[in-house]
Amino acid sequence: MTYAEKFEDRWFWETDSEGRLTYLSESVSEQIEAFGIRTIGEPLANVFKLDQSEYEHARSLQFHLVSRTPFAGYPVRGQKGLSESWWSMSGRPWVDDFGQYRGFIGSGTDLTKSRKQEATIKRLALTDSLTELANRQRMQDTLNALLEASSNGGSTPSILLLDLDGFKAVNDTLGHPAGDALLVQVSRRLLKAVGQAGIVGRLGGDEFEVLVPACDDRTILSELASKIIEKVSEPYLLNGCAATVSCSIGISVADESDPKAETLIRNADIALYAAKDGGRATYRFYEEQMLARAKWRKELEDDLRLALNADQLGLIYQPIVNTITEKLVGFEALLRWEHPTRGAVSPGEFIPIAEESGLIQQIGQWVLRTATMDLARFPEDLRVAVNVSPIQFSNPDLLTILTNALAESQISPDRLELEITESVFLNDEDASRKTFAALKSLGVRLALDDFGTGYSSLAYLKNAPFDKIKIDQSFVKGAIDPKSRNSAIIEAIVSLSRTLGMETTAEGVEHQDEIELIRSLGCSHIQGYVYGRGAPINQLLPALATGSRIVRPIGPKRSRSRRASLLRSGKLVVHEEPQTVRIRNISETGALIDDAEFNEQMVGVKVLVEALQDELRWAEIRWVETKKAGIEFCEPIDRKVFESNFLQFNKK
């Protein structure tokens with residue numbers, strides 16, 4: 001920078017002994033007078049305002065004029081409407097040749113350009129570049145300020161954490177530009193939905209935050225959350241294509257006992273996880289038991305990381321039986337975890353954790369290798385089915401892993417059946433088609449698992465080369481009831497499968513009277529507790545070595561035990577957390593419970609339930625609905641005990 005450039009914005013000023021301006025450079029005088037402020041003859045302190053945002057503890061200009069002390073580098077500004085100018089001022093008192101005080105003289109430098117640049121940089125640093133919402137740092141700063149004000153007697157702030165449901169599918173199918181356009185539209189809807197009630201920010205990815213400065217009223221926060229979900233869930237138009245997403249929300253209210261920002265954010269995050277776990281497109285308030293649940297999940301994840309190397313994971317094999325001949329055709333490999341202190345951990349508990357943490361890749365590879373090595377020990381007329389998660393399916397290394405497993409075990413590829421759920425079709429369609437083609441080129445069989453419970457379109461069946469469709473147990477359960485439509489659904493699935501040249505397996509068959517129904521509906525195979533719960537390979541090999549393949553049903557003969565209407569409160573203990581529920585429709589083998597929070601991941605979880613007065617009994621959750629669940633007792637209640645207790649309860 002040259003000497004001329006350095007001082008081109010320099011200007012000068014002078015006051016009399018009363019502190020009134022007697023001289024001001026024309027360039028600055030014109031700017032200030034454009035703001036409607038008079039200059040010459042006016043007190044210096046009235047013309048220039050000290051910028052207190054930068055110098056909170058600086059002495060005022062009037063102080064220096066009165067005390068006749070010099071000052072340097074004081075930031076001052078002039079403003080009119082949205083127009084602002086900034087200057088840096090310095091000054092000192094001056095006296096004449098006779099030693100008489102005459103006033104102040106000084107100079108200044110224009111800071112307007114640099115201040116605007118700084119403001120732009122600061123704005124960019126605190127603004128999300130895609131949506132122009134406040135970014136994570138700005139939201140953090142605002143939250144800290146709100147909490148500080150709250151601790152000094154201000155209102156209690158609250159947080160709503162939002163995460164989009166279905167965003168990844170839009171990103172994968174329509175591309176990242178469409179995903180970005182979706183985020184922009186979502187941000188606009190959030191601003192409109194929240195209005196003046198709070199501050200909206202984007203934390204990154206598809207995660208947003210709403211700060212509500214002065215509200216801890218659950219009713220108001222619930223209404224706001226419902227409004228946000230409603231607006232966000234409306235259809236979007238992206239490059240001519242319709243797309244739909246929803247959002248889950250976790251809500252946390254500042255706690256006077258722990259008024260820290262990190263605590264409030266953590267609690268909202270835990271509540272958000274609970275909302276997603278509860279079915280998505282909903283909201284949850286943070287509750288203390290959620291923290292205990294989160295800690296439990298974290299401990300379980302840490303233990304799961306050690307389980308493989310500690311030889312805690314194992315496979316059991318559940319029979320798959322030909323419906324007509326009742327001959328064994330193979331097994332499904334089921335993953336089990338025997339924890340050293342917790343005992344048997346349900347797959348319904350640890351599989352979701354494995355998928356969320358990324359451990360499913362490592363575990364899935366171990367399952368494939370172990371199942372193929374076990375398959376080499378089974379007689380050659382039997383097959384083994386292995387579940388492949390959507391995360392494994394999208395892994396580019398799946399083909400390599402599978403090829404190595406087949407080569408190592410030296411089995412015929414058509415003896416291995418890979419069970420794949422409908423959710424794989426939510427990912428890139430072209431990539432899925434290529435993966436299917438590659439799997440079939442290896443010679444393995446493909447089965448569509450849990451049919452009818454996931455992806456709603458049937459178009460994928462035209463191209464996906466499945467050998468079998470597995471009918472989900474939710475359709476099998478209750479199909480024996482003449483009032484149920486499940487048998488008609490099963491019949492339709494069988495008809496579709498036959499047309500496409502595919503086999504069908506009815507999953508979850510538990511009672512002997514269901515076998516004849518499944519046979520009459522045309523299913524080619526049956527799998528379920530009616531033929532056994534599954535066993536380790538070493539327990540199966542001796543019987544298989546005899547050559548016999550006929551499997552006799554061992555399940556209960558009736559689909560329903562005698563049951564009685566009942567309505568009373570009782571204890572339910574899930575993951576060592578007790579809660580009070582209502583028990584109704586109790587039978588010797590199970591019961592219906594309600595008035596509690598359940599989710600699909602709890603199916604298969606073992607619980608303690610107060611089936612009899614003051615007596616906790618082990619049971620397994622078999623199905624869930626909104627605030628309802630069906631449980632099966634691990635050991636049936638003795639009939640006489642059941643009847644006497646039933647009569648006893650009805651007398652009360």
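For the single chain, residues carry numbers from 1 onward in sequence order.
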Please walk me through it: do V530 and H511 pass side chain to side chain contact (heavy atoms under 4.5 Å, CB included)? CA-CA 6 Å; V530 70; H511 305 93; 5.8 Å; no

Begin with the C-alpha distance, continue with both residues' side-chain angles, and end with the deciding distance and a verdict on side chain to side chain contact (heavy atoms under 4.5 Å, CB included) for E625 and F598. CA-CA 7 Å; E625 293 179 358; F598 299 103; over 6 Å; no

Does the pair Y317 and V384 meet the rule for a side chain to side chain contact (heavy atoms under 4.5 Å, CB included), with working shown? CA-CA 8 Å; Y317 295 91; V384 165; 4.0 Å; yes

Where do V624 and N599 land on the side chain to side chain contact (heavy atoms under 4.5 Å, CB included) test, with the steps shown first? CA-CA 7 Å; V624 298; N599 59 71; 5.9 Å; no

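The minimum heavy-atom distance between A307 and W337, with the atom names listed, is CB-NE1, 3.6 Å. The two residues L439 and V444 make their nearest non-hydrogen contact at O-CG2, 3.3 Å. Considering every non-hydrogen atom in both G179 and N171, the closest pair reads CA-OD1, 3.3 Å. Taking all atoms of both residues into account, the shortest heavy-atom contact from I550 to K327 is CD1-CG, 3.6 Å. Residues T372 and S409 approach most closely at O-CB, 3.4 Å, considering heavy atoms. Taking every heavy atom of both residues into account, A274 and M290 meet most closely at CB-CE, 3.8 Å.
Side-chain contact check for L272 versus Y283: every heavy-atom pair is 4.5 Å or farther apart. By the 4.5 Å heavy-atom criterion applied to side chains, I583 and S569 are not counted as neighbours. For the pair L335/I351, a side-chain contact is recorded, criterion being any heavy-atom separation below 4.5 Å from C-beta on. Proximity of K298 to R293: side-chain heavy atoms (C-beta onward) are nowhere separated by under 4.5 Å. You'll find the side chain of N387 reaches within 4.5 Å of the side chain of D449, heavy atoms only. Here the side chains of V476 and N486 are not in contact, with every heavy-atom distance at 4.5 Å or above. Two residues are said to be in side-chain contact when any heavy atoms from C-beta on lie closer than 4.5 Å; K468 and M502 fail this criterion. At a threshold of 4.5 Å between non-hydrogen side-chain atoms, the residues K571 and V609 do not count as touching.
With a 6.0 Å radius and a threshold of 12 heavy atoms from other residues, nucleotides or ligands, R336 has its CZ atom above the threshold. Atom CZ of R342 is surrounded by more than 12 heavy atoms from other residues, nucleotides or ligands within 6.0 Å. Sparse packing is recorded around NZ of K628, with 12 or fewer heavy atoms of other residues, nucleotides or ligands lying under 6.0 Å away. The neighbour count for Q362 CD, taken as heavy atoms of other residues, nucleotides or ligands under 6.0 Å away, does not exceed 12. The number of heavy atoms from other shown groups lying within 6.0 Å of CG (D302) is above 12.
Under a 3.5 Å cut-off, the side chain of H339 and the backbone N or O of T341 do form a donor-acceptor pair. With hydrogens and angles disregarded, a donor-acceptor distance shorter than 3.5 Å links the side chain of R549 to the backbone of L544. Judged by distance alone, the side chain of T499 and the main-chain N or O of S495 form a donor-acceptor pair under 3.5 Å. With hydrogens and angles ignored, the 3.5 Å screen pairs no side-chain donor or acceptor of E326 with any backbone N or O of T323.
A salt bridge does not link E514 with R519: none of the charged nitrogens is closer than 4.0 Å to a carboxylate oxygen. Under a 4.0 Å N-O distance rule, the pair D163/K276 qualifies as a salt bridge. Salt bridge annotation for E332-K470: present, with a cationic side-chain nitrogen under 4.0 angstrom from a carboxylate oxygen. Between E615 and R617 there is a salt bridge, with a side-chain nitrogen of the basic residue lying less than 4.0 Å from a carboxylate oxygen of the acidic one. Salt bridge status for D467 with K440: present, with a side-chain N to carboxylate O gap under 4.0 Å. The pair D414-R383 does not meet the salt-bridge criterion, since no charged nitrogen lies less than 4.0 angstrom from a carboxylate oxygen. With salt bridges taken as basic N to acidic carboxylate O contacts below 4.0 Å, one links D594 and R582.
Between the CD1 atom in I363 and the CZ atom in R305 there is a gap of 9.5 Å [rounded to 0.5 Å]. Remark: E417 CD to F466 CZ distance equals 11.0 Å, nearest 0.5 Å. In this structure, E632 CD and E510 CD are separated by 5.5 Å, a value rounded to the nearest 0.5 Å. Atom CZ in R415 sits 11.0 Å away from atom CG in L406 (nearest 0.5 Å). Separating the OG atom in S520 from the CD1 atom in I490 is a distance of 9.5 Å, to the nearest 0.5 Å. Between atom CG of residue L313 and atom CG of residue L304 there is a gap of 6.5 Å, rounded to the nearest 0.5 Å.
Put simply, the residue from D374, L368, V367 that forms a side-chain contact (heavy atoms from CB on, under 4.5 Å) with T370 is D374.
Side-chain atoms of D397 and T400 form no donor-acceptor pair, as typed in the model, at a separation below 3.5 Å. Of the N and O atoms on the side chains of Q318 and Q527, at least one donor lies less than 3.5 Å from an acceptor on the other residue. Between Y273 and E356, the side chains place a donor N or O and an acceptor N or O closer than 3.5 Å (distance only, hydrogens not considered). Donor-acceptor pairing under 3.5 Å is lacking for the side chains of Q392 and Q361. Side-chain contact of Q473 with D450: a donor-acceptor pair under 3.5 Å is absent, judged by distance alone.
Aromatic rings of F331 and F378 (six-membered ring for Trp) have centroids within the 6.0 Å cut-off, being under it.
Ring pair F436/F393 is tilted by interplanar angle, where 30° to 60° counts as tilted.
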